[in-house]
Undergrad: 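First, the structure itself, so that you have it in front of you.
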Number of protein chains: 2
Amino acid sequence: MGVTPPIWLLPEAPRRQRGLDRDGIVRAAIALGDEGGADAVTMRAVATAVGSSTPMSLYRYVHNRDGLVDLMLDAAMAEVDVPAEPGADWRADVLAVARSSWAMTGRHPWFAELVHSRPPAGPNSLRKQEFLLAVFEKAGVALPTARGFAQLVDGHVLGSALQQAEERKMWRANDFRSIDDVKAVAEQWFDAGHAATLYPRITQLFTSMMSADAVPESPDEQFELGLACLLDGIAQRI
Amino acid sequence: MGVTPPIWLLPEAPRRQRGLDRDGIVRAAIALGDEGGADAVTMRAVATAVGSSTPMSLYRYVHNRDGLVDLMLDAAMAEVDVPAEPGADWRADVLAVARSSWAMTGRHPWFAELVHSRPPAGPNSLRKQEFLLAVFEKAGVALPTARGFAQLVDGHVLGSALQQAEERKMWRANDFRSIDDVKAVAEQWFDAGHAATLYPRITQLFTSMMSADAVPESPDEQFELGLACLLDGIAQRI
DNA sequence: ACCTCCTTGTGTACATCGTACAGTGCGTGT
DNA sequence: ACACGCACTGTACGATGTACACAAGGAGGT
């Protein structure tokens with residue numbers, strides 16, 4: 001309905017783009033996530049990042065969002081250093097893989113947020129899992145038990161990563177620029193008068209955290225502490 | 001524009017509802033989440049659950065969705081048994097709180113999914129945290145170190161809970177009714193021929209899991225294992 | 001060289017989500 | 001009896017994932 005307007009008024013058909021491919025899409029999605037967290041990885045954002053005018057272009061290559069996420073996760077897992085064979089010291093092997101994983105999640109804060117939404121069945125995920133199983137098996141642990149141990153280590157890495165990701169997300173959401181901004185907001189949330197009597201220890205930690213010369217708690221230290229405790233416990237069971 | 005139609009054709013104004021309150025809303029939201037997971041807790045669903053025709057009714061009471069989530073989380077945390085004072089045995093105290101928390105997350109599968117989206121600043125969350133700090137302090141640990149230990153325990157509970165929540169979500173999403181349904185789908189995903197050479201140990205675990213008389217791996221056992229390992233490691237550092 | 005087809009990118013459209021804004025009916029205080 | 005204001009309602013908007021039909025342009029056959 002309606003008369004077709006003269007052609008000069010109609011915008012020219014936009015130049016077509018060629019040469020999209022799965023790898024470029026995944027790379028763009030990862031870059032987006034590295035910078036803005038998991039929330040920044042929307043199909044539309046990825047599409048414009050690869051120069052496409054519509055999110056639908058991506059669907060030919062990654063099937064759907066879950067597929068894209070799976071590819072992102074596996075690409076990130078590929079960055080984890082996994083030896084071909086277990087070495088002489090099981091503890092050193094586990095430590096190395098755990099630390100390499102932790103370093104990866106530090107580089108890709110979206111990883112922890114997204115891994116919980118998909119089953120970890122990518123090849124690189126399996127490779128890491130297989131290695132941990134081999135390490136524990138070589139240390140004399142039966143396979144089912146080894147699975148339990150490996151899952152423990154994995155769980156610790158992912159849990160720590162998730163906590164770190166939350167923290168970063170909060171910094172982004174509130175546009176925090178330095179630790180001082182955090183302190184300013186924290187002070188508002190925490191009504192010291194009320195809390196001091198009910199939660200004296202938390203209050204004490206809080207005030208010492210608010211002091212000018214406070215050493216910022218390091219996620220790395222907490223990660224290492226948990227890992228060490230876990231491995232000690234495992235060692236007692238081998 | 002347009003003539004007003006005769007009144008009999010217009011639907012009568014729906015009866016107004018009175019007596020919404022925050023408690024009822026939170027309770028309804030929790031019931032929804034218990035049954036359908038975090039995804040089922042939409043403002044619209046909660047609104048219809050409390051008999052309101054529009055989600056906007058809720059906003060007077062819970063401010064926004066984040067507020068509702070905060071209230072849900074704190075209500076769930078209230079179910080965790082936290083003694084008033086530490087007992088004689090620090091390990092028993094920590095075990096009891098951890099297990100009570102784990103039981104709670106089992107009852108409320110949405111908890112683990114949602115807790116990661118909000119800072120844990122509710123009063124019941126603080127109460128539990130304060131207790132754990134007191135327990136470790138009584139055991140002779142300096143407060144900053146105690147915080148590290150408490151966070152470790154907390155992290156393990158939440159990590160285990162999250163894993164369990166994912167699994168339940170997958171059951172819901174694929175409408176699994178029994179373990180056999182899981183096996184049927186797993187068989188498709190896992191191309192045994194390819195994996196057998198690359199991941200022999202995973203394959204072995206997989207086939208033993210697929211066998212008819214396989215004992216299903218229990219999340220509780222895994223939780224207890226991790227907790228025990230963690231506490232062993234902590235014990236060595238006290 | 002031309003016609004045809006298949007691959008691949010595009011545009012439009014819809015359901016669902018959270019929630020802003022402007023009413024509107026009822027209980028209540030005067 | 002009257003008006004005020006609280007508590008609820010309806011409509012609407014922007015964001016998200018994605019289904020569907022279409023169009024451009026290279027590839028292959030003649």
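Note that these values count all heavy atoms, side chains included, but never hydrogens, waters or copies made by symmetry. Just so we're on the same page: letters track the sequence lines, and every chain starts at 1.
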Undergrad: I'd like to know if A:Asp66 pairs up with A:Arg118 as an ion pair, taking the criterion as any Lys NZ or Arg NE/NH1/NH2 lying under 4.0 Å from an Asp or Glu carboxylate oxygen.
TA: yes
Undergrad: What is the distance, rounded to the nearest whole Å, between atom CG of A:Asp21 and atom P of C:dT7?
TA: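 To the nearest whole Å, that distance equals 18 Å.
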Undergrad: Do A:Asp39 and A:Arg172 sit within salt-bridge range, that is, some charged N less than 4.0 Å from a carboxylate O?
TA: no
Undergrad: Does the side chain of A:Thr105 reach to within under 4.5 Å of the side chain of A:Trp102, using non-hydrogen atoms?
TA: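 A:Thr105 vs A:Trp102: side chains touch.
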Undergrad: Can you give me the N/O atom pairs linking the protein to nucleotides 14-18 of chain D at distances under 3.5 Å, or say none if there are none?
TA:
{"from": "D:dG17", "atom 1": "OP1", "to": "A:Arg65", "atom 2": "NH1", "distance (Å)": "3.3"}
{"from": "D:dG17", "atom 1": "OP2", "to": "A:Met43", "atom 2": "N", "distance (Å)": "3.0"}
{"from": "D:dG17", "atom 1": "N7", "to": "A:Arg44", "atom 2": "NH1", "distance (Å)": "2.8"}
{"from": "D:dG17", "atom 1": "O6", "to": "A:Arg44", "atom 2": "NH2", "distance (Å)": "3.2"}
{"from": "D:dT18", "atom 1": "OP2", "to": "A:Tyr59", "atom 2": "OH", "distance (Å)": "3.0"}
{"from": "D:dT18", "atom 1": "OP2", "to": "A:Arg65", "atom 2": "N", "distance (Å)": "2.9"}
{"from": "D:dT18", "atom 1": "O4", "to": "A:Arg44", "atom 2": "NH2", "distance (Å)": "3.4"}

Undergrad: If I take atom CZ in residue B:Arg60 and atom P in nucleotide C:dA20, what distance separates them, rounded to the nearest angstrom?
TA: 13 Å
Undergrad: Using a cut-off of less than 4.0 Å, is there contact between a side-chain N or O of B:Ser53 and OP1 or OP2 of D:dG10?
TA: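 The answer is yes; a side-chain N or O of B:Ser53 sits under 4.0 Å from OP1 or OP2.
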Undergrad: Salt bridge or not between A:Arg99 and A:Glu224? Use side-chain N to carboxylate O under 4.0 Å.
TA: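 Looking at A:Arg99 and A:Glu224, the cut-off is met.
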Undergrad: Working to the nearest 0.5 Å, report the span between CZ of A:Arg177 and CG of A:Asp180.
TA: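 Result: 12.5 Å between the selected atoms.
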Undergrad: Going by salt bridge (Lys or Arg N to Asp or Glu O under 4.0 Å), name the residues that satisfy it together with B:Arg22, two or more places apart in sequence or in a different chain.
TA: none
Undergrad: Is B:Thr54 near enough to D:dG10 that one of its side-chain N or O atoms lies under 4.0 angstrom from OP1 or OP2?
TA: no
